[in-house]
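So the structure is just underneath, and the comments pick up after that.
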Amino acid sequence: MEICPKCERPVKSKNAWHYCAKVDIDDLFIGRSEEMILIFDKILAEVMDWEGVNVSASKNCVIFVRNKTFLIVRPLQKVLDLKFYLPEETNTYPVFKCKPYNNKFEIHIRLNQLEDLDYSVFELVGEAYLQS
């Protein structure tokens, strides 16, 4: 894993393509609800305790990387969208959308209340973390 000298984001290699701009995570939450900020803060606090996790921001999302990206958190207008990839399809709660992507499945979870963020969310994200 390399760190881009311009944007300070972790990238796979020196020449790996990525959106190269310094973005402050807090800027992504300007105009968002306090509830959305609390949800993100709780995700951040939990996931940052996992071994080897790096966090950075792109122009419209927060990226969590271990050996490769395992979680993308995108603040939408009224919800927080979590995107990650798993080897098997799952459509059970709390999954909002699941679709095939290469040899994996792209999973989306949408959170709009702090109560939506429960053990089942962290269990699924943890699976993606272990796959990275």
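Grouping Ile, Leu, Val, Met, Phe, Trp and Tyr residues whose side-chain heavy atoms lie under 4.5 Å apart, directly or via other members, places L76 in a hydrophobic cluster with V79. Apart from Y101 itself, the hydrophobic cluster it occupies contains Y85, where clustering links Ile, Leu, Val, Met, Phe, Trp and Tyr at side-chain heavy-atom distances under 4.5 Å.
Closest non-hydrogen pair, F64 versus V73, comes out as CE1-CG2, 3.7 Å. For L80 against P75, the heavy-atom pair with the smallest separation is CD1-CA, 3.7 Å. Heavy-atom minimum distance, S58 versus L28: O-CD2, 3.8 Å. The two atoms that bring M36 and K78 nearest to each other are CE-C, 3.6 Å, heavy atoms only.
A search for side-chain contact (heavy atoms from CB on, under 4.5 Å) contacts involving N60 returns R74, not counting sequence neighbours. Every residue meeting the side-chain hydrogen bond (donor to acceptor under 3.5 Å, both in side chains) condition with T90, not counting sequence neighbours, appears here in chain and number order: T92. Partners of D81 by salt bridge (charged side-chain N to carboxylate O under 4.0 Å, His left out), not counting sequence neighbours, listed by chain and number: R110. Every residue meeting the side-chain contact (heavy atoms from CB on, under 4.5 Å) condition with D24, not counting sequence neighbours, appears here in chain and number order: D26, D27.
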Carefully, step by step, assess F96 and I109 under the rule side-chain contact (heavy atoms from CB on, under 4.5 Å).
CA-CA 5 Å; F96 172 76; I109 294 175; 5.6 Å; no
Could you give me the CA-CA distance, side-chain angles and deciding distance for V53 and V55, then say whether side-chain contact (heavy atoms from CB on, under 4.5 Å) is met?
CA-CA 7 Å; V53 174; V55 179; 4.2 Å; yes
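For the pair L114 and E35, the minimum side-chain heavy-atom distance is below 4.5 Å. Between V62 and I72 there is no side-chain heavy-atom pair separated by less than 4.5 Å. Two residues are said to be in side-chain contact when any heavy atoms from C-beta on lie closer than 4.5 Å; S132 and K68 meet this criterion.
Here CD1 of I39 is found 13.5 Å from CG of L44. Values are rounded to the nearest 0.5 Å. The structure places CD1 of I107 at 5.0 Å from CG of L86, a figure rounded to the nearest 0.5 Å. Taken from CG in L71 to CD1 in I63, the straight-line distance is 10.0 Å, to the nearest 0.5 Å. One distance of note links CD of Q113 with OG of S33; it measures 10.5 Å at 0.5 Å rounding.
For residues 86-101, the pairs satisfying salt bridge (charged side-chain N to carboxylate O under 4.0 Å, His left out) are K99-E106, with sequence neighbours left out. Sequence neighbours left out, the pairs with a member in residues 25-47 that pass ring-ring contact (aromatic ring centres under 6.0 Å, His included) are F29-F40. Counting only residues at least two apart or on different chains, the side-chain hydrogen bond (donor to acceptor under 3.5 Å, both in side chains) pairs with a member in residues 36-49 are E46-W50.
Within a 6.0 Å radius of CG in N103, no more than 12 heavy atoms belonging to other residues, nucleotides or ligands are found.
Connection of Y93 to F105 is not established within any shared hydrophobic cluster, with ILVMFWY side chains joined at heavy-atom distances below 4.5 Å, either directly or through further cluster members.
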Can you list, pair by pair, the side-chain donor-acceptor contacts under 3.5 Å of residues 120-130, counting residues two or more places apart and other chains?
| unit_1 | atom_1 | unit_2 | atom_2 | d |
| --- | --- | --- | --- | --- |
| S120 | OG | D118 | OD1 | 2.5 |
| Y129 | OH | E51 | N | 3.2 |
| Y129 | OH | E51 | O | 2.6 |

